[in-house]
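See below for the structure under consideration.
Read the numbers this way: they start at 1 and go in the same order the structure lists the ligands and their atoms.
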Amino acid sequence: MWCRLAFILTFLQLSTASDMDNPIIIIGSGLSGFAAARRLMDNDINNIVILEAENRIGGRINSVRFSDGIIDLGAQWVHGQKNNLIYEMTRNNFDFGTTPFEEMYSTFVLTNGTKTDQKDIRKIVDVAYKIIDDIDDLEDPQGSIGETFNKKFDKALKSSKLKNIEPSVIELMKENIERNYNGYTASNSWYDLSAKKNSEEGKASGNQYLTWKKQGFKTFFNFLTKKAPNPAQYLNIESKVQLNKKVTNIKYNTKDETSNVAVTCSDGSSYSAKHVIFTPSLGVLKKYHESLFSPALPQQKILAIKNYGFGTVGKVFLEFEHPFWLEQGKPFLAYEFLWLEQDKKEAKSTNREWMINITGIYVVDQFPNLLEVFLGGSNLNEFETFSDSKITEDCMWLLEKSLSKSLPKPKAMTRTKWLTNDNFLGAYSYGSMDAEKANIGPKDIAESILNADESPILLFAGEATDEKYPSMAHGAVRSGFRAADEIVKFYE
Ligand SMILES: Cc1cc2nc3c(=O)[nH]c(=O)nc-3n(C[C@H](O)[C@H](O)[C@H](O)COP(=O)(O)OP(=O)(O)OC[C@H]3O[C@@H](n4cnc5c(N)ncnc54)[C@H](O)[C@@H]3O)c2cc1C
């Protein structure tokens, strides 16, 4: 306690003597950066500077105005309730919506527009998704998710339920299920997803698709800053943020306990801090760790940065005059596509290869006139470099071809570009086969760098550093709290 008091006093002195000389610097204003600031401020540590490369706060939370509400270009759903910090922090004061994410509400369409037997498809879906649920609970998982799935699915094929289904339909559905899995995990291939790493992660149980209705995920920042539920408790974390500050170098010295960490930005400005919390994505670390850190990071951390998976996903929102997809009284989730070989060829030869990665075109909770195209896997670089009008035309091409009718044109569209944005370089992390082989995980990416006096001078937060819920928004929040706690503890 005395130490904490001394620490707070030191801060107070610093704020009069050399105000900005020794703040705690947080790099990144996403969920983990804000969570770290919140925890520090809850402990009366207020001398904080948050350096953010973008011209906005939020990172991979990017809620934007579209149609008659706010939609999410980044994280959209709260995945799970029990043990999900985001849900726990908001549940009493926010009335969540939900997306009816039941595959049985999807309409599966062949890409050439011919009808397919939805009953057969449902049988495959039932068997396949039961296998996927079981994979999460395997005792001694080995190999990749793809291999594990195939083994179990091949066994299930012999069961009477799937025996009489056309093998070609089964193959098309298998591809569809892999696409969906890749979309969920942001991996290029489920043969690159480690079943062991998957089993090491936690899963918050309960509804996996809670939505922020028309208000967007950014609503949660009000809870992080305590603006909600009681504005009187508001912590003005926003005022700590300096936008358009791209950090290019972080110089640290572990041998001399008196020396500070020096942080330099691309505009030439520099900062000095006793503690730095680094939160940018694993994609940023992969590309820039050599130029960002002097001296180089420890070998084990580099091994983890190189081998843990980081992939991408994409979204397109299309607004229509009327919901042409709804049939009276019938629940609807999505159009999911079964790509026939000749249509894949056509897509490739007409510059539409990116479309083969679409997991589905979904309804959007509370927005009756919107459809959301979701895609994962490869070819997202192409998708991101194409113009909005080409993307819209391509989406309509696929819908009209598969539904075999002409459709009204969308009124408006918006879409994502996470992979080609230098401050993200992808969407989220995953437990890859390389990570399993190298025997590394989020814990190695998280490991703090300590000074000679054991003070954590360089700390790492962000979704990819959370052992339990990597990739997830609630993992990002947990990681920010963890990093801040390390600093707070040091002074206790
Ligand atoms: C399309 C998409 C959909 C998703 N869907 C979901 C979902 O439905 N549910 C869910 O739970 N999770 C989802 N996620 C994951 C979730 O968004 C992330 O786990 C979480 O937002 C990551 O927060 P973070 O603080 O770790 O990183 P970030 O939000 O990336 O924050 C890091 C910040 O650092 C900044 N930065 C980068 N480089 C520099 C630099 N050199 N100098 C200064 N600043 C820098 C960045 O601009 C960014 O603001 C989704 C992500 C994406 C992209």
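In this structure, Tyr181 has its ring center no closer than 6.0 Å to that of Phe149. For Trp77 and Phe217, the distance between ring centers is not under 6.0 angstrom. In this structure, His275 has its ring center under 6.0 Å from that of Tyr491. Taking the six-membered ring for Trp and the full ring otherwise, the centers of Tyr428 and Tyr430 sit at least 6.0 Å from each other. Between Tyr288 and Phe293, the ring center distance fails the sub-6.0 Å criterion.
Among protein heavy atoms, the minimum distance from atom 21 (O) of ligand 1 is reached at Arg60 CB, 3.5 Å. What sits closest to atom 5 (N) of ligand 1 on the protein, heavy atoms only, is Ala75 CA, 3.2 Å. Among protein heavy atoms, the minimum distance from atom 25 (O) of ligand 1 is reached at Ser32 OG, 2.6 Å. Closest to atom 19 (O) of ligand 1, if we only count protein heavy atoms, is Ser471 O, 3.0 Å. In this structure, atom 8 (O) of ligand 1 lies nearest to the protein heavy atom Trp77 N, 2.9 Å. With hydrogens left out, the protein atom closest to atom 46 (C) of ligand 1 is Glu52 OE2, 3.5 Å, a heavy atom. Protein heavy atom closest to atom 51 (C) of ligand 1, with residue, atom name and distance, is Tyr428 CD2, 3.4 Å. For atom 12 (N) of ligand 1, the closest non-hydrogen atom on the protein side is Ala473 N, 3.3 Å.
At least one N or O atom of Glu463, backbone or side chain, sits closer than 3.5 Å to an N or O atom of ligand 1. Considering backbone and side-chain atoms together, Phe424 places no N or O closer than 3.5 Å to any N or O of ligand 1. Of the polar atoms of Val247, at least one N or O is found under 3.5 Å from an N or O of ligand 1, judged by distance alone. Looking at Ser281 next to ligand 1, no N or O pair under 3.5 Å apart turns up.
The aromatic rings of Trp325 and Phe320 sit perpendicular, their planes meeting at an angle over 60°, well past the 30° parallel limit.
Contact analysis puts Gly74 in contact with ligand 1, with a non-hydrogen atom separation below 4.0 angstrom. Residue contacts with ligand 1 do not include Thr416, since none of its heavy atoms lies under 4.0 Å from the ligand.
For the pair Lys213 and Asp95, the salt-bridge criterion is met [side-chain N within less than 4.0 Å of a carboxylate O].
The ligand atoms of ligand 1 that sit less than 4.0 angstrom from a heavy atom of Leu51 are 43 (C), 44 (N). Interface of Leu73 with ligand 1, defined as ligand atoms under 4.0 Å from a residue heavy atom, comprises 1 (C). Counting atoms of ligand 1 from 1 in the listed order, those under 4.0 Å from a heavy atom of Gly30 are 25 (O), 29 (O), 31 (O). Listed by number with element, the atoms of ligand 1 under 4.0 Å from a non-hydrogen atom of Ile27 are 42 (N), 43 (C), 44 (N). Proximity to Glu54 (heavy-atom distance under 4.0 Å) selects the following atoms of ligand 1: 47 (O). Those atoms of ligand 1 with a heavy atom of Gln76 less than 4.0 angstrom away are 5 (N), 6 (C), 7 (C), 8 (O). Counting the atoms of ligand 1 from 1 in the order shown, those under 4.0 Å from a heavy atom of Ala427 are 53 (C). Close approach to Gly462 involves these atoms of ligand 1, each under 4.0 Å from a residue heavy atom: 26 (O).
Asp444 and Gln300 share a side-chain donor-acceptor pair at under 3.5 Å. If you check the side chains of Tyr87 and Gln81, you find a donor sitting under 3.5 Å from an acceptor. Remark: the Tyr271 side chain and the Gln242 side chain contain an N/O donor-acceptor pair separated by less than 3.5 Å.
Counting only distance, with no hydrogens or angles, the side chain of Glu54 and the backbone of Asn244 share no donor-acceptor pair below 3.5 Å.
With rounding to the nearest 0.5 Å, the separation of CG in Leu425 from OG1 in Thr420 is 8.5 Å.
At most 12 non-hydrogen atoms from other residues, nucleotides or ligands lie less than 6.0 angstrom from NZ of Lys443.
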